[in-house]
Every structure is written in C-alpha cells, then in structure tokens.
Amino acid sequence: MMKGKKGEGNWQERLLAWFDGHKRDLPWREDKPRNPYHVWISEIMLQQTRTEAVKPYFNSWMERFPNISALARAKESEVLHQWQGLGYYSRARNIHKAAMEMAETYGGRLPDRKEDILSLPGIGSYTAGAILSMAYGKREGAIDGNVLRVYARLYQVEEDILKSRGRKKIEALVNETLPDRAGDFNEALMDLGADICIPKNPRCSLCPLAEDCAAFRNGKEKELPFRTPKKPPKEEQAACGIWIKEGRVLLHKRPARGMLASMWEFPMALGETEEEARKGLEQLLAGKTEDFLWQYKHVFTHRIWHMKAYPVREGAVPEGEYRWFSPEEYREIPLAGPHARLAAFVEKIVY
DNA sequence: AACTCGGGGGT
DNA sequence: ACCCCAGAGTT
C-alpha cells in the first residue's frame, strides 16, 4: 500500500479526517441514523444527476411520498409527474415498482440483504453498495463516476474507466483499500470528487491526498481519467400538432417502453426533413396543418429534436392513447420533456 | 461490449 | 460548444 510522506496513517484515514471537517450538508444526510428510504430515493435521483439538481426534487418528493407505503399506493402517473424534469424516467418507474415489491414482499421496508436489494428494479451494483454501506453500515464499496475518477488519479490508472478493463482494475483497488467506515468512506470519495478532485481542473493544492496521488506526482492529474469520446447525437425533425377543440388540446400517451416512456406529448411525427415530419403528422391526424407557430431545439444526450408546432385544421383522432385535456387537466399529468414547453406556449396564446 | 435513456450546470 | 454527472437495463 502507498503511504503519504506527511500525516498519520494511510490515505484512507486522511480522507476520513478531511471528510469529518468538510462533508457537504445535504438534505438526505440529515437523519442519524440514516433513513434507508431517504438513502434509497436520493441515490436513485443522483444517478447521472448533479446534487444541486436533485435537492429540490428530493425535498418535494418527501413531502409528496413521505414513506415507502405512500409511494407504493400512488399511481404511476403521479410518480412520473413528481419526477417530471429530472430525466431518465425509467428511474421513476422502477422506484414505483420497487416500492410495490417492498410492500408485498418485505413488509413495507427496504431489505438489507445484498441479494434482495440487487434484485429490486433500478438498483445496480453502485446503488446497492451505497445503500448497504450508508444506510446499514456494511463494508461495501460504491463505485460511481467520482470514485472512478479519484482512483484513476490516485493510482494512475490509464485504461478507459468506462470499459470493463479499467473498471475491473479500479474495483480491485477499491476492495483492497476499503476501510471499516465504508459508508463515510464512500461519501468522502464523492465529496472529494465533487469539490476537489473535479473532472477538469482538479484543485490539487487543496487536496488532502495530493501526497498520495500518483497522477499528481507525475503531473498527469489533468489527463486522467481517460475515456473514449462519445459519438455525436442523432438529429431529427419533429412536427407537433396543436389541435384545440372546445378549449381542450389533443395529447398522446407515449408507449410504456423507450424514450420518455408513459409520458404525454402533443401528437408528433419524426422525420429526416421538415417536410417529411410535417407530412407524417398530417397523415397521423388525417388532416391539414397551417404554418408553424412555435419552434424549439431540444438537445438530449444522444439525440436532438428540431421541433415545430403546427395548428391542425380538422382531422381524425388516431386509434390508441389519445385524449383531450384542458390546461387544468394537463398540469396534473407528466409531460414529455420539450412538450411541457410547448404546453406552456399553447396556454399563453390560447387561454 | 455496445446502446439506450434527460436534463442541466460548469468551463 | 463541449463535458459529464452519486448508473441501470436491454440487446
């Protein structure tokens, strides 16, 4: 094991000492001992999502669904509505499924056995480790993006940390170095990754582990961790129909699988070109459209929608999940990403 | 092993 | 304009 030149003990002890004085004050860290339900919900919300974005969602979530049984009793549409705007909506659907499973199988509680936790929908190796170590005090690692970055620098791991070779190397290092206070240790690595060992210009002058860091010693802290660049997003044209009848707009519920699953949208057709998309929309509604009134470029991580919204003149409601909504009604349902913006626009010009 | 799945803030 | 974040599930 690598030892630092100054300070007592190993780097794990130095990290924990730093954490005791610098830990972030976060809503889900308030209860002592930690509430497993709070740990679970916060960990799901934090998947691929920054803490600042999670805070308001976590607080309003706990007001709306204060415990597992309240969540298990809710309808999926209510859960999705509460999640609206956070992204990765399968997380919300999986939370709901898991809560119902806990109500049925585990007496309304979050289980504390690793196999049981891992079997729940939406909980993978990271989240299971986080729950076991933080909520139940077990000696388990929790390897997320922060931990990968910190270890890649500390031990100068040159492999792509998102591929299995690099991951396995770091998993082995975490298992070798994990101390008894695993819950605090895991959170300490995340706080270090969030405040000090940040992706771009790491603040090594403030880092309690600078003396222990191989990348810092070799001047490679800015080059690590290595990751292969992602491919550019696919661009699509999207034609949306604004069809209003007796003060209500026609909306469509997206399928239960795939992107923005089970959320509502304006009738929409995708295409390579603007004309193709618009033609698809007219075909879908068996009607005619007027010049577009609204446009918006919505950027997803792996997809870009160039959206235009056209007023619809007569037509036929397609088969499937279509319904008319007044503004009061569609404020209560989960709207699919950019369609919430379109809904706000429609409300402004029409009502 | 590669792909899918959102949205937002930092630089 | 990128980058990438307290990742998991599917193919």
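Chain naming here is simple, since letters A, B, ... match the order of the sequence lines and numbering starts at 1 in each.
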Main-chain N/O of [Y] paired with [X] side-chain donor or acceptor, under 3.5 Å:
X        : Y        : answer
A:Asp160 : A:Arg227 : no
A:Thr105 : A:Met102 : no
A:Glu265 : A:Leu335 : no
A:Thr127 : A:Gly124 : no
A:Tyr151 : A:Glu171 : no
A:Arg153 : A:Lys220 : no
A:Arg203 : A:Asp195 : yes
A:Trp83  : A:Gly87  : yes

Nearest-angstrom distance from the residue atom [atom1] of [X] to [atom2] of [N]:
X        : N     : atom1 : atom2 : result
A:Gln48  : B:dG7 : CD    : C1'   : 11 Å
A:Tyr89  : B:dT4 : OH    : C1'   : 15 Å
A:Arg50  : B:dG6 : CZ    : P     : 18 Å
A:Ile44  : B:dC5 : CD1   : C1'   : 15 Å
A:Met263 : B:dC5 : CE    : C1'   : 13 Å
A:Arg341 : B:dG6 : CZ    : P     : 16 Å

Just checking [X]: base, sugar-phosphate only, or nothing, at a heavy-atom cut-off of under 4.0 Å?
X        : value
A:Arg93  : nothing
A:Ser42  : nothing
A:Arg149 : sugar-phosphate
A:Leu26  : base

Please collect all ring pair (Phe, Tyr, Trp, His ring centres under 6.0 Å) contacts where either partner lies in residues 188-211 of chain A, sequence neighbours excluded, each pair once.
->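 Residue pairs with at least one partner in residues 188-211 of chain A: there are none.
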Under 4.0 Å between a Lys/Arg side-chain N and an Asp/Glu carboxylate O for A:Glu314 and A:Lys288?
->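 No, this pair does not count.
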On the 0 to 90° scale, with breaks at 30° and 60°, tag the A:His298-A:Phe300 ring pair as parallel, tilted or perpendicular.
->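 Plane angle over 60°, so perpendicular.
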Taking the [atom1] atom in each of [N] and [M], what is the distance between them to the nearest angstrom?
N     : M     : atom1 : value
B:dC3 : C:dA6 : P     : 24 Å
B:dG6 : C:dC3 : C1'   : 15 Å
B:dG8 : C:dG9 : C1'   : 23 Å

Between A:Ser164 and B:dA1, does any side-chain N or O lie under 4.0 Å from OP1 or OP2?
->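 For B:dA1, OP1 or OP2 has a side-chain N or O of A:Ser164 closer than 4.0 Å.
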If you walk 5' to 3' along DNA chain C, what is the first nucleotide with an atom under 4.0 Å of a heavy atom in chain A, and what is the last?
->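 Range of nucleotides touched by chain A: C:dC4 to C:dG9.
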Under 4.0 Å from any atom of DNA chain C, heavy atoms only: list the residues of residues 225-233 of chain A that qualify, in numerical order.
->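 A:Arg227, in order of number.
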Contact list for DNA chain C against residues 185-201 of chain A - heavy-atom distance below 4.0 Å |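 A:Met190 - these, ordered by number, are the residues of the stretch whose heavy atoms sit under 4.0 Å from the strand.
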Tell me the partner of C:dC4, counting only Watson-Crick (N1-N3 plus N6-O4 or O6-N4) or G-U wobble (N1-O2 and O6-N3) with both under 3.5 Å; none if nothing fits.
->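 For C:dC4, the partner nucleotide comes out as B:dG8, under the 3.5 Å rule.
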Are side-chain N/O atoms of [X] and [Y] paired as donor and acceptor at under 3.5 Å?
X        : Y        : result
A:Thr49  : A:Arg91  : yes
A:Glu329 : A:Ser326 : yes
A:Gln84  : A:Tyr89  : no

When the nearest nucleotide of DNA chain B is assigned to A:Lys234 and to A:Gly337 on a heavy-atom basis, which residue is associated with the more 5' position?
->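 Per heavy-atom nearest nucleotide, the more 5' residue is A:Lys234.
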With sequence neighbours excluded, residues passing ring-ring contact (aromatic ring centres under 6.0 Å, His included) with A:His96 |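 Partners of A:His96 under the ring-ring contact (aromatic ring centres under 6.0 Å, His included) test: none.
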Could you identify which residues of residues 295-304 of chain A place a heavy atom less than 4.0 Å from some atom of DNA chain B, listed by residue number, or say none?
->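 Close to the strand are A:His298, A:Phe300, A:Thr301, A:His302, A:Arg303.
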Return the 5'-most residue of the pair A:Pro121, A:Trp28 with respect to DNA chain C, ranking by each residue's nearest nucleotide.
->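 First, find each residue's nearest nucleotide; the 5'-ward one identifies A:Trp28.
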